[in-house]
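Just so it is clear, the structure is predicted and the values come from calculations on it, not from any experiment. Along the sequence shown, residues are numbered consecutively beginning with 1.
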Amino acid sequence: MRLLVADDHPLFRMGLRVALEREGFSVVGEAADGQEAVEQGLALLPDGVLLDVRMPRMDGIAATKALREGRYRGLIALLTTFSEPVLVQQAAYAGADAYWSKELPPEVLAERLRRLERGLEPRLRAPELPRLSPREQQVLAWVAQGLSTKEMARLMGISPETVKDHLVGLYDKLGARNRVEALERARALGLL
């Protein structure tokens, strides 16, 4: 399998190249940022592109989208230390096939790439985001602003008990026990 490796850290790129070549892959190109990755990917048409999520000029998610828009049909795997659900979702929507940790041992990464190529590794899917009602979205926004239950009730023209019902529904959908957890979860999911 012919691969292109893109990461803004030269030592990581070099180490990944050596590890992949030891596993029998051919690294046909290297890029230090997403823009270079897109240019090389569309010029070289490797079988797979491995992209870091965070890179200068163009991040890995934007590079994935640009490659797909440029009609690149090979495999795209994002390698990262960031596991926020919103990033996984953005990667899936951009057209990435995989979203893996940079901490994978080389032999595991090699096996996953081979399985992905053969259609045996599950393709990336966007995580399911909770569906908030319009009232829950408004309550969430006001929680983020620090409004009290009484203040929200006054603004919505409803009782504080009804606001509490909306908060309970919001907490349930976010898997949270309180306002702080709800805000943390909502931010991680890209809802705020």
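- Listed by chain and number, the residues in a side chain to side chain donor-acceptor pair (under 3.5 Å) with Arg13 are Glu30 (sequence neighbours excluded).
- Screening residues 67-79 for salt bridge (Lys or Arg N to Asp or Glu O under 4.0 Å) gives Lys65-Glu69, Arg68-Asp97 as the qualifying pairs, with residues at least two apart or on separate chains.
- Under the 3.5 Å distance criterion, the side-chain polar atoms of Glu136 are matched with a main-chain donor or acceptor of Ser133.
- A cation-pi geometry, defined here as NZ or CZ lying under 6.0 Å from the six-membered ring centre and within 45° of its normal, holds between Arg54 and Phe82.
- In this structure the side chain of Thr64 reaches within 4.5 angstrom of the side chain of Leu51, judged on heavy atoms.
- Remark: side-chain polar atoms of Asp59 are paired, donor with acceptor, to backbone N or O of Ala62 under 3.5 angstrom.
- Considering only heavy atoms from C-beta on, Leu109 comes within 4.5 Å of Leu20 through its side chain.
- Residue pairs meeting the salt bridge (Lys or Arg N to Asp or Glu O under 4.0 Å) criterion with at least one partner in residues 138-152, sequence neighbours excluded, are absent.
- Counting only N and O atoms by type, the side chains of Arg179 and Thr149 include a donor and acceptor under 3.5 Å apart.
- Under the 4.5 Å side-chain criterion, counting only non-hydrogen atoms from C-beta, Pro46 is not in contact with Leu3.
- Under the 4.5 Å side-chain criterion, counting only non-hydrogen atoms from C-beta, Tyr99 is in contact with Thr80.
- The shortest side-chain heavy-atom distance between Arg177 and Tyr171 does not fall under the 4.5 Å cut-off.
- Side-chain contact between Arg2 and Val27 is absent, with no heavy-atom pair separated by less than 4.5 Å.
- Side-chain contact between Asp47 and Ser26 is absent, with no heavy-atom pair separated by less than 4.5 Å.
- Two residues are said to be in side-chain contact when any heavy atoms from C-beta on lie closer than 4.5 Å; Arg123 and Leu75 meet this criterion.
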